[in-house]
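Here is the structure we will look at, set down as structure tokens.
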Amino acid sequence: MGKTVGIDLGTTFSLVAYIDTAGKPQCISGPWGATLCPSVVSLDADGKIVVGEAARQLLLTQPERTIYSVKRLMGRGVEDIRDELKIFPFRIDENSRNVIRARLGDKYFTPSEISAFILRELKSWAEDFFKDAVDRAVITVPAYFNDAQRQATKDAGRLAGLEVLRLVNEPTAAALAYGLHKQRRGRVAVYDFGGGTFDISVLKLISSAEGDIYQVLATNGDTHLGGDDIDNALFAMISADISAKFHFDVRANPEAAQQLRKVLIAAKHQLSDFEHTTIGFELPDGRTYLREFPRADFDKLVEPIVMRTMGPVKMALADAKLKPSEIDEVVLVGGSTRIPLVRKIVGDYFGRAPHAELNPDEVVALGAAVQADILESGVKNMLLLDVTPLSLGIETMGGVVAKLIPRNSTIPASAQELFTTGVENQTGIDIHILQGERELAQDCRSLARFQLKVPPAPAGLARVEVKFLIDANGILQVAARDLRTGEQSSIEVQPSYGLTDAEMEKMLEESIEFAEQDFAQRQLIEARVEADTILNATVKALAREEAQSLPLAERADIDSAVRNLRQAVAGTDYKLVRQRIDELNRATEHLAEIGMNKALQAAVGGKRIEEL
């Protein structure tokens, strides 16, 4: 058998981790030297799939063939994502029904297929690292992912050639990574503010001679709230400012829009460490937008978004029957928790400084690796008790919901209840399975329907036992049995927005062509993407006024390096492309210094220029 890993399939970034020989979880770096794999997928002009950093760079040059934040689409229908379509450039097949299909170039893919490309990329990272096959994984999901979203994640793992041993809630994985049970017993709140989702989980950690128990007391969250919303708020404000000052609509220019997003995300990151930053953006016509941006202005912009996280926090504590003062430890997870305002609001609410010792981007993947090791090694002295985030039940007479398994029930879980007929001589009973907290079926999510045949009889005579069973992954099985006749019917709930077995088999067959792509081809694609980015930047730099002062010999060296790189890109030797990139970088070092100096001078006088 191959190796087993832990995977954090994130909205913005994804990671893969393992347990080293010392028993510590470690994240695996990819070919770009970073542990973070951007959750971006692109289809290049040759019909090849590009994933990660190379795909993120293609967002600037071919946005119509590239997709990001696909996790927001997992297990959801077209009606569910109307709001996202207003913000994100998702290109959805108009004929999509039960399963969304997003367009990349001239092809369509389901969110599970796109996520599978990301998982397959991480799988290849791990296989390069281990020099061995990787065929099993523990994958994390937001605690508030519903049944459809969890099933879509399992489908993605299967398409990527991975046996998904367990789906683990992200906050639970974070607690595993911190190993807080080794320090003390207590109640822990895990505040997970990622790129596209927010989760809060309250756990009880118990250590004893018999072993360690991680019991989730309550969980809550919002699958439509994350760092992307902060990016969008920042983008909306700055693009409006650009429109007012320069009469240029950034939104109407996809390449300019992606370039501005990149600049704004960098500014957001700077404001986590510094009180001020300068936002500098070059318009396609050569004009430059500059704005001094203090952290105070940023805090004012994002505070409403951060405060939205506190609603689920209060609900989770209420479900756990705890006060903020009764929480012993608070753990921060997700890149958005680097924002000082987030740490302040969380710390003020709980009355204690939150844990932030581990890299908030990596902590979930590290916890997944811990759980993978537990399952692989058969460790018996650690018990993980998770919960189901939403209530499950069936529709009864009058469209009312009868809840069999309430939210925050520890899983695996089962429940059963007796029902009867409401109509004379009824020959069948429709079992309509629902998920949600509302009292009426029309207000809850429909998961599945099936029918149980019963013999004609007076109303109220039949005795039908309905049994719900949720496995450790949070996936639901439902069975119904007529106690009088023994007639039985059951279903493993295929979510309303999941994939049928036939669709899965077809996708598995199609995925082979991508799995067998030559590794050298992938390296060539990545090298070409990096080369195109550097060539474009060099051409722009040479067109600027300051470049005219370069010595003729230096300009000749740059022109020669550009020609050599263009020739290498036209070939198929990725090593030569990398070599030519290095040569061009060395040739343009002085040019880059000149451009940086001018930008800094402009930034210093930015306010005065804007006032004029």
May I ask you to decide if Gly2's main-chain N or O and Asp135's side chain share a donor-acceptor pair within less than 3.5 Å?
yes
Stepwise salt bridge (charged side-chain N to carboxylate O under 4.0 Å, His left out) check, Glu170 with Lys71:
CA-CA 14 Å; Glu170 290 167 2; Lys71 187 173 177 178; 2.8 Å; yes
Checking Thr309 side chain against Ile305 main chain: does a donor-acceptor pair fall under 3.5 Å?
no
Main-chain N/O of Asp132 paired to Lys3 side chain as donor or acceptor, under 3.5 Å
no
Over all atoms of both residues, closest heavy-atom pair of Pro360 and Leu332:
CB-O, 4.4 Å
Can you list the steps and then say if Asp241 with Arg291 is a salt bridge (charged side-chain N to carboxylate O under 4.0 Å, His left out)?
CA-CA 10 Å; Asp241 197 27; Arg291 174 169 174 167; 3.0 Å; yes
Under the salt bridge (Lys or Arg N to Asp or Glu O under 4.0 Å) test, which residues partner Glu362, sequence neighbours left out?
none
Pair listing, salt bridge (charged side-chain N to carboxylate O under 4.0 Å, His left out) test, anchored in residues 25-38, at least two apart
none
State, to 0.1 Å, how close Gln62 and Ser42 come at their nearest heavy-atom pair, and which atoms those are.
NE2-OG, 2.9 Å
Using modelled atom types only, decide if a donor and an acceptor are shared between the side chain of Arg91 and the backbone of Glu64 within a distance under 3.5 Å.
yes
Any donor-acceptor pair under 3.5 Å linking the side-chain atoms of Ser391 with those of Gln435?
no
Does any N or O in the side chain of Glu127 come within less than 3.5 Å of the main-chain N or O of Val134, such that one atom is a donor and the other an acceptor?
yes
Smallest separation among heavy atoms of Ala152 and Gly75, with atom names
CB-N, 3.6 Å
I'd like to know if Arg449 and Asp430 make a salt bridge, using a cut-off of under 4.0 Å between side-chain N and carboxylate O.
no
Any donor-acceptor pair under 3.5 Å linking the side chain of Asp229 with the backbone of Gly226?
yes
When you measure from the side chain of Asn232 to the backbone N and O of Asp228, does any donor-acceptor pair fall under 3.5 Å?
yes
Can you list everything that forms a ring pair (Phe, Tyr, Trp, His ring centres under 6.0 Å) with Phe450? Sequence neighbours excluded, please.
none
Assign the ring pair Tyr18 / Phe129 to parallel, tilted or perpendicular, where the plane angle (0 to 90°) is split at 30° and 60°.
tilted
If you measure from CD1 on Ile200 to CZ on Phe198, what distance do you get to the nearest 0.5 Å?
5.0 Å
My understanding is that only residues two or more places apart in sequence, or in another chain, count here; which of them pass side-chain hydrogen bond (donor to acceptor under 3.5 Å, both in side chains) with Asp222?
none
Could you work out, with side-chain hydrogen bond (donor to acceptor under 3.5 Å, both in side chains) as the rule, every residue matching Arg65, not counting sequence neighbours?
none
Of the non-hydrogen atoms in Thr66 and Leu58, which two are nearest, and what is the gap between them?
OG1-O, 3.8 Å
Shortest non-hydrogen contact from Ala372 toward Val5
CB-O, 3.7 Å
Taking atom types as modelled, is there a side-chain donor on Tyr191 or Asp199 under 3.5 Å from an acceptor on the other?
no
Point-to-point distance, once rounded to the nearest 0.5 Å, from OG of Ser124 to CD1 of Ile28:
10.5 Å
So, the side chain of Gln371 versus the backbone of Ala368: is there a donor-acceptor pair under 3.5 Å, distance only?
no
For Phe235, ring pair (Phe, Tyr, Trp, His ring centres under 6.0 Å) partners two or more places apart:
none
Ser39/Tyr68 under side-chain hydrogen bond (donor to acceptor under 3.5 Å, both in side chains): CA gap, chis, key distance, verdict:
CA-CA 6 Å; Ser39 299; Tyr68 62 96; over 6 Å; no
Which residues share a salt bridge (Lys or Arg N to Asp or Glu O under 4.0 Å) with Asp285, sequence neighbours left out
Arg287
May I ask you to decide whether Lys107 forms a salt bridge with Asp44, counting only side-chain N to carboxylate O separations under 4.0 Å?
no
When rounded to the nearest 0.5 angstrom, what is the spacing between CD in Gln57 and CZ in Arg528?
15.0 Å
Going by the rule salt bridge (Lys or Arg N to Asp or Glu O under 4.0 Å), which residues pair with Glu395 if we only count those two or more places apart in sequence or in a different chain?
none
Check side-chain hydrogen bond (donor to acceptor under 3.5 Å, both in side chains) between Asp249 and all other residues, then give those that pass, not counting sequence neighbours.
none
Separation of Leu271 CG from Ile279 CD1 (nearest 0.5 Å):
7.5 Å
Partners passing ring pair (Phe, Tyr, Trp, His ring centres under 6.0 Å) against Phe298 (at least two apart in sequence or in another chain):
none
Please report the C-alpha distance between Glu255 and Thr61 in whole Å, then the side-chain angles of each, then the deciding distance to 0.1 Å, and finally whether the side-chain hydrogen bond (donor to acceptor under 3.5 Å, both in side chains) criterion is met.
CA-CA 6 Å; Glu255 185 174 343; Thr61 57; over 6 Å; no
Check the surroundings of atom NZ in Lys268: do more than 12 heavy atoms from other residues, nucleotides or ligands lie under 6.0 Å from it?
yes
How long is the span from the CG atom in Leu9 to the OG1 atom in Thr153, to the nearest 0.5 Å?
6.5 Å
Residues two or more places apart in sequence or in another chain: which of them pass salt bridge (Lys or Arg N to Asp or Glu O under 4.0 Å) with Arg578?
Glu530
Sequence neighbours left out, what passes side-chain hydrogen bond (donor to acceptor under 3.5 Å, both in side chains) with Ser115? Give chain and number order.
none
Shortest non-hydrogen pair, Val16 vs Leu122, comes out as CG1-O, 3.9 Å
Any salt bridge linking Arg103 with Asp93? Criterion: basic side-chain nitrogen under 4.0 Å from a carboxylate oxygen.
no
Under the 3.5 angstrom rule, does the side chain of Ser14 hit a backbone N or O of Gly10 as a donor-acceptor pair?
yes
